[in-house]
Enquirer: 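Questions regarding the structure given below will be posed in turn.
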Amino acid sequence: MHKRWLIFCLVLFTAAICSAQTPFASTIERTITRQTLTLPALSQRINQTAYKQIAGIFRPSPLTQLQRPLAGFTPEMRRQVFQVQSGPVARSSASAFALEIDGRVWGVTAGHVMNNIRISPHMVVQNGWGKILSAPIAQYYAANVKGSDVAIFEIPQELKPYISVLKPAEQTPLAQTVTQSPCFVKGNPLYLPAEDILFAGPHRILLRDQAHREMTGYCGSPVLADNKVIGVHVGAYSSQDMQLAAWNKLLGNISAKMPPPVHIATPIEQVVLLARDFTKELGEEAGVLLKVLGHPVVVLDPQDQLFSVQQLRDGFLKETIHIHPFTHFDRLEEFFDLQEGDILRITIISPKTLAQSQAIKIYNVDVSTGQVTKNL
């Protein structure tokens, strides 16, 4: 009888583990791996996985996905995206959209866009008869331009009838997901019907550039998949930009081929965190938790910038990796060849404000023990 009861409990326990959420399972797997492998071997395995993920940059485009951008919008697209600019009349504008976060509606655009128009930010829409309407933006909140580079703002009440409110995706999309994006380029509507994801991480999403043209004004537009927003366009890299970037050595370790031009998006999760940081409704820090080998280091606020991660061995600097599109905030050990006793030094920069000058915060993490020391 006792034996049957023991077997029954064991089956229940096994089922519970199998049905647990992926993050919990991943934590157990990483813990077991850390206990069974030496640190150099574990570091090598981590890097192999990381390089395999970014190798998607070189994936050839399926011929079935080659679709040119389309000029003009459908009535639905015209409500999904609108423009922001400096003043009621301006020579240039950028894209924006409305997003529901925790039951509240926000306007969303790129952080550098809001920084450029901050003196007199205005929102511009077009009604069903083609008339242009504009109104001032009373309040906005922007993240670090060199960080997530996103911004949220209060939508003027009088313009709400002319827009559709989008919803954020619940999960980061997988590579090869095909996306759509209505946007404005030099003030004109343009629709990107089928840009596939080459890389998707918590810091950046890289999409295959199928426009192959100057895209001034498209920053701030939504990236859609299954009718939900997965990201915000914040820039682009030409093939030459990719080759000249400081982090290009990561791609060079995979292939000698020239990388393709890409469009850059910030995952929509970063916009959600920014909105929660502004409202403080959850009563907790609304930032990104930085981790090294599963050990928590510090919460990165939306206004701060993760500047670099440096590897020190026996007190000497061995390697420096600045933040790059492939950064995983919870896996800062990626792309370093680690040994027992190494230190990973994390540098965070806070922007200048009226209250304080630019601040630099440095955290040293012992990769063997996980002990975190803050440099004063």
Enquirer: With distance as the sole test, does Gln270 use its side chain to make a donor-acceptor pair with the main-chain N or O of Pro202 at under 3.5 Å?
Expert: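 Yes.
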
Enquirer: Check for me, please, whether Val272 and Met114 land in the same ILVMFWY cluster - side-chain distances under 4.5 Å, paths through other members count.
Expert: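 Each belongs to a different hydrophobic cluster.
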
Enquirer: Can you check whether Ile155 reaches Met123 side chain to side chain, under 4.5 Å on heavy atoms?
Expert: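 Yes, close enough: below the 4.5 Å cut-off.
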
Enquirer: Would you confirm whether the ring centroid of Trp106 sits within less than 6.0 angstrom of the ring centroid of Phe278?
Expert: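 Yes; Trp106 has its ring centre under 6.0 Å from that of Phe278.
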
Enquirer: Between Ser368 and Gly341, is there a donor-acceptor pair closer than 3.5 Å when you use the side chain of the first and the backbone of the second?
Expert: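 At least one qualifying donor-acceptor pair exists.
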
Enquirer: Would you give the length of the straight line joining atom CE of Met77 to atom OH of Tyr191, rounded to the nearest 0.5 angstrom?
Expert: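 The distance works out to 4.5 Å.
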
Enquirer: Output the distance between atom NE2 (His324) and atom CG (Asn248), rounded to the nearest 0.5 Å.
Expert: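 Spacing of NE2 (His324) from CG (Asn248) equals 12.5 Å.
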
Enquirer: Between Leu332 and Thr327, is a side chain to side chain contact (heavy atoms under 4.5 Å, CB included) present by the stated rule, with each step listed?
Expert: CA-CA 7 Å; Leu332 296 182; Thr327 299; 4.2 Å; yes

Enquirer: Could you check whether any side-chain heavy atom of Ile205 comes within less than 4.5 Å of a side-chain heavy atom of Val223, counting everything from C-beta outward?
Expert: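 With C-beta onward as the side chain, the pair stays apart.
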
Enquirer: Are the side chains of Leu207 and Leu192 in touch, meaning some heavy atoms are under 4.5 Å apart?
Expert: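 A side-chain contact is absent here, since even the closest heavy-atom pair is not under 4.5 Å.
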
Enquirer: Rounded to the nearest 0.5 Å, what separates atom CD in Gln305 from atom NZ in Lys146?
Expert: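 NZ of Lys146 is found 6.0 Å from CD of Gln305.
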
Enquirer: Hey, what's the ring geometry for His263 with His233, parallel, tilted or perpendicular (30° and 60° as the breaks)?
Expert: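 Perpendicular: the ring planes of His263 and His233 meet at over 60°.
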
Enquirer: With a 6.0 Å cut-off on ring centres, are Tyr51 and Phe335 close enough?
Expert: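 Centroid separation for Tyr51 and Phe335: below 6.0 Å.
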
Enquirer: Where do Arg104 and Glu154 land on the salt bridge (Lys or Arg N to Asp or Glu O under 4.0 Å) test, with the steps shown first?
Expert: CA-CA 10 Å; Arg104 183 172 178 178; Glu154 295 279 1; 2.7 Å; yes

Enquirer: So for atom CG, which belongs to Leu244, do other residues, nucleotides or ligands contribute more than 12 heavy atoms lying within a distance under 6.0 Å?
Expert: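 Check passes, neighbour count above 12.
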
Enquirer: Please give me the minimum heavy-atom distance between Ala194 and Gln210, naming the atom from each residue.
Expert: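 Shortest heavy-atom contact: O-OE1, 2.8 Å.
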
Enquirer: Report yes or no: does Ser95 contribute a side-chain atom to a donor-acceptor pair with the main-chain N or O of Phe184 at less than 3.5 Å?
Expert: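 Present.
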
Enquirer: So if I apply the side chain to side chain contact (heavy atoms under 4.5 Å, CB included) rule between Val150 and each of Leu273, Val145, Thr266, which one comes out positive?
Expert: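 Considering Leu273, Val145, Thr266, a side chain to side chain contact (heavy atoms under 4.5 Å, CB included) with Val150 is found only for Thr266.
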
Enquirer: Any non-hydrogen side-chain atom of Arg204 less than 4.5 Å from a side-chain atom of Phe199?
Expert: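 No; the side chains remain at least 4.5 Å from each other.
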
Enquirer: Answer yes or no: does atom NZ of Lys160 have more than 12 heavy-atom neighbours from other residues, nucleotides or ligands under 6.0 Å?
Expert: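 Counting neighbours around NZ of Lys160, more than 12 heavy atoms of other residues, nucleotides or ligands fall under 6.0 Å, so yes.
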
Enquirer: Using only atom types and a distance under 3.5 Å, with no angle test, would you say the side chain of Gln180 pairs donor to acceptor with the backbone of Pro182?
Expert: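 No; zero donor-acceptor contacts below 3.5 Å.
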
Enquirer: Determine, stepwise, if the pair Glu319 / Asp337 fulfils side chain to side chain contact (heavy atoms under 4.5 Å, CB included).
Expert: CA-CA 9 Å; Glu319 186 172 3; Asp337 294 322; 5.8 Å; no

Enquirer: Arg78 side chain to Gly72 main-chain N or O, any donor-acceptor pair under 3.5 Å?
Expert: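 It does not hold such a pair.
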
Enquirer: Please check if the number of heavy atoms outside Gln48 that lie under 6.0 Å from its CD is greater than 12.
Expert: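 Counting other residues, nucleotides and ligands, CD of Gln48 exceeds 12 neighbours.
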
Enquirer: Tell me if a side-chain donor or acceptor on Arg45 pairs with a main-chain N or O of Leu42 at a distance below 3.5 Å.
Expert: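 Side chain of Arg45 to backbone of Leu42, a donor-acceptor pair under 3.5 Å: no, none is there.
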
Enquirer: Are Val124 and Ile117 connected into the same hydrophobic cluster when the rule is that any two of I, L, V, M, F, W, Y join if their side-chain heavy atoms are below 4.5 Å apart?
Expert: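 The answer is no; the residues belong to distinct hydrophobic clusters.
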
Enquirer: Hey, could you give me the CG/CD1 distance between Leu198 and Ile57, rounded to the nearest 0.5 Å?
Expert: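 If we round to the nearest 0.5 Å, Leu198:CG and Ile57:CD1 are 5.0 Å apart.
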
Enquirer: Would you confirm whether Thr216, through its side chain, and Lys186, through its main-chain N or O, come within 3.5 Å as a donor-acceptor pair?
Expert: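 Judged by distance alone, no pair lies under 3.5 Å.
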
Enquirer: Hey, any chance Phe326 and Val234 share a hydrophobic cluster, counting ILVMFWY side chains that come within less than 4.5 Å of each other, even indirectly?
Expert: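 Same cluster.
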
Enquirer: Kindly compute the distance separating OH (Tyr363) from OG1 (Thr373), expressed to the nearest 0.5 Å.
Expert: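 It comes to 11.5 Å.
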
Enquirer: Scan Ile348, Asp304, Ile346, Leu306 and name whichever one has a side chain to side chain contact (heavy atoms under 4.5 Å, CB included) with Val298.
Expert: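 Of all the options given, the one that passes is Ile348.
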
Enquirer: If every non-hydrogen atom of Ser308 is compared with every non-hydrogen atom of Thr320, which pair is closest and at what distance?
Expert: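 Ser308 and Thr320 have their closest heavy atoms at CB-CG2, 4.2 Å.
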
Enquirer: Just by modelled atom types, is the Thr172 backbone N or O under 3.5 Å from a matching donor or acceptor in the Glu269 side chain?
Expert: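 Yes, because the side chain of Glu269 sits within donor-acceptor range (under 3.5 Å) of the backbone of Thr172.
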
Enquirer: Where do Pro259 and Gln243 come nearest, in terms of heavy atoms and distance?
Expert: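 Where Pro259 meets Gln243 most closely, the heavy atoms are CD-CG, 4.0 Å.
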
Enquirer: For the residue pair Asp342 and Leu344, establish whether any side-chain heavy-atom pair is separated by less than 4.5 Å.
Expert: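 Sidechains of Leu344 and Asp342: no contact.
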
Enquirer: Supply the atom-to-atom distance Asn144 CG to Ile349 CD1, rounded to the nearest 0.5 angstrom.
Expert: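 It comes to 8.5 Å.
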
Enquirer: Checking Asp226 side chain against Lys228 main chain: does a donor-acceptor pair fall under 3.5 Å?
Expert: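 Judged by distance alone, no pair lies under 3.5 Å.
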
Enquirer: May I ask you to test the Leu274-Val271 pair for a side-chain heavy-atom distance under 4.5 Å?
Expert: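 No, every pair of side-chain atoms sits at 4.5 Å or beyond.
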
Enquirer: If I compare all heavy atoms of Pro325 with all of Leu206, which pair ends up nearest, and what's the gap?
Expert: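 It is CB-CD1, 4.1 Å.
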
Enquirer: Would you please test Val229 and Leu224 for side chain to side chain contact (heavy atoms under 4.5 Å, CB included) and show each step?
Expert: CA-CA 5 Å; Val229 185; Leu224 304 170; 3.7 Å; yes

Enquirer: Closer than 3.5 angstrom, by distance alone: can the side chain of Asp330 be matched with the main-chain N or O of Leu289 as a donor-acceptor pair?
Expert: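 Absent.
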
Enquirer: Counting heavy atoms not belonging to Gln371, are there more than 12 under 6.0 Å from its CD?
Expert: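 Incorrect, the count does not exceed 12.
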
Enquirer: Kindly indicate, with the supporting measurements, whether the criterion side chain to side chain contact (heavy atoms under 4.5 Å, CB included) is fulfilled by Val292 and Val372.
Expert: CA-CA 10 Å; Val292 170; Val372 180; over 6 Å; no

Enquirer: Which heavy atom in Ala275 sits nearest to a heavy atom in Ile101, and how many Å separate them?
Expert: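 Result for this residue pair: CB-CD1, 3.7 Å.
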
Enquirer: Val365 and Leu300: same hydrophobic cluster, using ILVMFWY side-chain contacts below 4.5 Å?
Expert: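 Yes, Val365 and Leu300 fall within the same hydrophobic cluster.
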
Enquirer: Show your reasoning for whether salt bridge (Lys or Arg N to Asp or Glu O under 4.0 Å) applies to Arg59 and Asp196.
Expert: CA-CA 10 Å; Arg59 187 178 62 252; Asp196 58 314; 3.4 Å; yes

Enquirer: Show the nearest heavy-atom pair for residues Ile197 and Pro173, with the distance to one decimal.
Expert: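 It is CD1-CG, 3.5 Å.
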
Enquirer: Taking the side chain as every heavy atom from C-beta outward, state whether Met215 and Leu190 have any pair of such atoms under 4.5 Å apart.
Expert: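 A side-chain contact under 4.5 Å exists here.
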
Enquirer: Within a strict 4.5 Å, meaning less than it, do heavy atoms of the His203 and Phe329 side chains meet?
Expert: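 With C-beta onward as the side chain, the pair touches.
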
Enquirer: Hydrophobic clustering (ILVMFWY, side-chain heavy atoms < 4.5 Å, transitive) - are Leu166 and Phe73 grouped together?
Expert: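 No; Leu166 is not reachable from Phe73 via cluster members.
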
